[in-house]
Amino acid sequence: MPIIRIQHSVVIQRSRDLVWDFTQDYARRPEWDYGVRRCNQLQTAPQRVVELVMSDGSLMRFEYKHEERPYKTTVQALDIRSSYVQRAAGVWTYEELGKGTLWTQSNSVELKQSAVLRLIAPLIKTMLRYSTHLSMRKAKRMIEK
């Protein structure tokens, strides 16, 4: 099945620490991320594990493979209960840019084996890209407020 890759960046006129703290606060994630309905942090050590209930009802548990505040996170889905997602992972980076922060999300989703999913993969990619762009813009507005 195809792997859908989405990468998007926004410049936020706040410090990297502040952008990191806001975007990595799972209690606030449903406020700005249109793809997330609910979040629970399940574990903090030895690595962080979070459970996300997505807007489509899917459930995914993500394990942090790399967490280097305030520079970068790398996550991989451990347990996915979805009608269309087989695997998922992401890398988020935070770079100083003048007095602001360049926040970049690079996410990938592998779809399950299905003729129907193969046909609608471009539509799923468009929807995921749109949701990512909207969510990051909303986070930007909230952080800069």
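Please read these numbers as outputs of a predicted model, since none were measured by experiment.
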Which ILVMFWY residues are connected to [X], directly or by a chain of links, through side-chain heavy atoms under 4.5 Å apart?
X: V53; answer: L59
X: Y34; answer: Y130, L134
X: L102; answer: V11, L97
X: M127; answer: L123

What's the separation between atom [atom1] in [X] and atom [atom2] in [Y], rounded to the nearest 0.5 Å?
X: F62; Y: I80; atom1: CZ; atom2: CD1; answer: 6.5 Å
X: L52; Y: S58; atom1: CG; atom2: OG; answer: 11.0 Å
X: E96; Y: T101; atom1: CD; atom2: OG1; answer: 7.0 Å
X: R38; Y: E51; atom1: CZ; atom2: CD; answer: 8.5 Å
X: E68; Y: T74; atom1: CD; atom2: OG1; answer: 9.5 Å
X: T73; Y: K65; atom1: OG1; atom2: NZ; answer: 13.5 Å

Among residues at least two apart in sequence or on other chains, which ones pass side chain to side chain contact (heavy atoms under 4.5 Å, CB included) with [X]?
X: P30; answer: V36, C39
X: L128; answer: I4, I6, V109, I124
X: S55; answer: none
X: T23; answer: V19, W32, W92, Y94, W103, I143

For the pair [X] (side chain) and [Y] (backbone), establish whether a donor and an acceptor sit closer than 3.5 Å, ignoring hydrogens and angles.
X: R14; Y: E144; answer: yes
X: S9; Y: T104; answer: no
X: K112; Y: S82; answer: yes
X: D25; Y: A27; answer: yes

Could you tell me if the side chain of [Y] sits less than 4.5 Å from the side chain of [X], heavy atoms only?
X: R69; Y: D21; answer: yes
X: Y84; Y: I120; answer: no
X: M136; Y: K140; answer: no

D17 and S15: side chain donor to acceptor below 3.5 Å
no

Going by atom types only, do Q47 and E63 share a side-chain donor-acceptor pair under 3.5 Å?
yes

Which heavy atom of [X] sits nearest a heavy atom of [Y], and at what distance?
X: T132; Y: H8; value: CG2-CB, 4.2 Å
X: A121; Y: L111; value: CB-CD1, 3.7 Å
X: V85; Y: R87; value: CG1-O, 3.5 Å
X: I3; Y: S108; value: CG2-CB, 4.1 Å

Results of side-chain hydrogen bond (donor to acceptor under 3.5 Å, both in side chains) for R48 - residues two or more places apart only:
Q24, Q41, Y64, E67

Contacts of Q43 that satisfy side-chain hydrogen bond (donor to acceptor under 3.5 Å, both in side chains) - sequence neighbours left out:
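Partners of Q43 under the side-chain hydrogen bond (donor to acceptor under 3.5 Å, both in side chains) test: none.
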
Qualifying salt bridge (Lys or Arg N to Asp or Glu O under 4.0 Å) pairs with a residue from residues 123-132, counting only residues at least two apart or across chains:
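Residue pairs with at least one partner in residues 123-132: there are none.
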
Is it true that I12 and L18 fall in one hydrophobic cluster, defined by side-chain heavy atoms closer than 4.5 Å?
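Yes, it is one cluster - the side chains of I12 and L18 are joined through contacts under 4.5 Å.
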
For H66, what residues pass the ring pair (Phe, Tyr, Trp, His ring centres under 6.0 Å) criterion, not counting sequence neighbours?
none

Counting only heavy atoms not in K72, do more than 12 fall under 6.0 Å of its NZ?
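Atom NZ in K72 is not crowded, with 12 or fewer foreign heavy atoms closer than 6.0 Å.
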
